2 protein chains.
Amino acid sequence: MASDTKDRILDVAEALFADHGFAATSLRDITHDAGVNIAAVNYHFGSKDSLLAAVLERRIGPVNRQRLIMLDEAEAAAGEAGATIDALARALLSPPFRQCLVGERGPVKFQQLAGRIHAEPHAHARAILLAQFGEITRRFVPAFRKALPHLSEDEAGWRLLFVVGAMAHTMMSPHMFELCGGRQPDDSEELLEALVQFVVAGLKAPAAARTSRTSPTAGAVA
Amino acid sequence: MASDTKDRILDVAEALFADHGFAATSLRDITHDAGVNIAAVNYHFGSKDSLLAAVLERRIGPVNRQRLIMLDEAEAAAGEAGATIDALARALLSPPFRQCLVGERGPVKFQQLAGRIHAEPHAHARAILLAQFGEITRRFVPAFRKALPHLSEDEAGWRLLFVVGAMAHTMMSPHMFELCGGRQPDDSEELLEALVQFVVAGLKAPAAARTSRTSPTAGAVA
DNA sequence: GTCTATATGCGGATAGAC
DNA sequence: GTCTATCCGCATATAGAC
């Protein structure tokens, strides 16, 4: 069956891109693991680049739709006051974490891939991300700014960057847990709670004082 | 001169690995940009893998030494009480940011590379990181735990992961700034202050309540 | 839709002259 | 130490039979 082949390729590609990165994964690796012929990739997707696009789009779309649904709910519930930081953080972070509970084969690997792709230099990948995240940025940045009126525009943007960084890195487990000496959580939900707790507090922090006093030890290293 | 060739290769490799990733950068690209012969890489470094190791080690060593110096200072200044979160965060984050001010050609690119390499799946790269960060983890984790006694061992480890994620992502600018709609800072110091402010507040957050109530909209997406 | 066979180019690494 | 020339394997992509 055609769709079976196509889905098997997508699933295996997702897993291998997540494990080894895009450039280091060959179509031969993918088709071998999927048990399909090498020519099938080109028949169904046209090229390796297009395959990556298909892998990404299959998952990012639903996650981002869910984010916007939760954002709408949070804003509706809060009325004039605007959504709380906690609600905004959950709207942004919980959909990608939750998705790993949906299926059996793919989504858990996509969590890793999503984390990795944020750092991937591949032009196609970044273009896809940019396109898919356009609306997310457009909706979330003003919502965060409304909830964080004490921050300058720049600092609000940077804090969002910190949040995304913490999220992306966390989603790249297990590569990351060994670095920090932490235990891998049995429960994705537990890790999500810890992350939300962290970023909410970080977002609520007072604006940074512009003290650029240099540390006494700066430059003391060879 | 021999050392000139070697350094030029290191500088160019650092820049290209940072821009395109390890797997996507060929030795031909590197030697072309450096204006040296293709065979020079193998003569001076032995292999592409060893070149990567050399690129990483040249920068990580000094940064991590500086981190340990600042950690020692912070602990000495605080005495029995243990270092403050603020001092620990600065000891961890400021050396890699500061290094971008040291030279002209290389270090600014290394900031990007360091961010990227955290996400790179390449086995050699991760082994090098693990080796170089062994002592950092060994010293910083207990210090953070002492300063954060209200957290479980797991949660303290995870928060460190969040901190490293926010740092790594931030250091990968400019790739990242376009995603979040933020302005690129003119001053690295300004961005560092914002990051410290954010992570200190996040680290100090109360322990996460174990409420795993599922959101009403979970699973509502196609 | 699926396969085999193959075109074509780029990759890392090396041999050996200078 | 630096160069040219080359080995050899793997990469993506395609042509064309079934």
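Fair warning: this is a prediction, and the values are worked out from it, not measured in the lab. A note on names: the letters A, B, ... follow the listed sequences, proteins ahead of strands, and every chain is numbered from 1. Just so it is clear, the values below take in all heavy atoms, side chains as well, and ignore hydrogens, waters and symmetry mates.
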Query - Atom-pair distance (CD1 on A:Ile30; C1' on D:dC10), nearest Å - result: 15 Å
Query raised in the report: Just one of B:Leu27, B:Thr5, B:Val36 clears the side chain to side chain contact (heavy atoms under 4.5 Å, CB included) bar with B:Val41, so which one?
Result: B:Leu27
**Report entry** Lys/Arg-Asp/Glu bridge criterion (N-O < 4.0 Å) met for A:Arg145, A:Glu155
**Finding:** no
Query raised in the report: Between D:dA13, D:dT2, C:dT2, which nucleotide gets closest to the side-chain atoms of B:Tyr43?
Result: D:dT2
Query raised in the report: Between atom CG in A:Leu16 and atom P in D:dA11, what is the gap in whole Å?
Result: 12 Å
**Report entry** A:His44 NE2 to C:dC3 C1', straight-line distance once rounded to whole Å
**Finding:** 12 Å
Report task. Can you tell me the distance, in whole Å, between the CG atom of A:Asn37 and the P atom of D:dT14? Result -> 15 Å
Query raised in the report: Below 4.0 angstrom from OP1 or OP2 of C:dC10, is there any side-chain N or O of B:Ser26?
Result: no
Query raised in the report: Just how far, in rounded Å, is C1' of D:dC10 from CD1 of A:Ile38?
Result: 11 Å
Requested in this report: Round to the nearest Å and state the distance from B:Leu51 atom CG to C:dA13 atom P.
Outcome: 10 Å
Query raised in the report: Taking CZ from B:Phe45 and P from C:dT14, how many angstroms apart are they, rounded to a whole number?
Result: 16 Å
Query raised in the report: The side chain of B:Lys48 lies closest to which of these nucleotides: C:dC3, C:dA15, C:dG12?
Result: C:dG12
Query raised in the report: Is any side-chain nitrogen or oxygen of B:Asn42 closer than 4.0 Å to OP1 or OP2 of C:dT14?
Result: yes
Query raised in the report: The side chain of A:Thr5 lies closest to which of these nucleotides: D:dC3, C:dT2, C:dT4?
Result: C:dT2
Report task. Would you mind reading off the distance between B:Leu27 atom CG and C:dA13 atom P, rounded to a whole angstrom? Result -> 6 Å
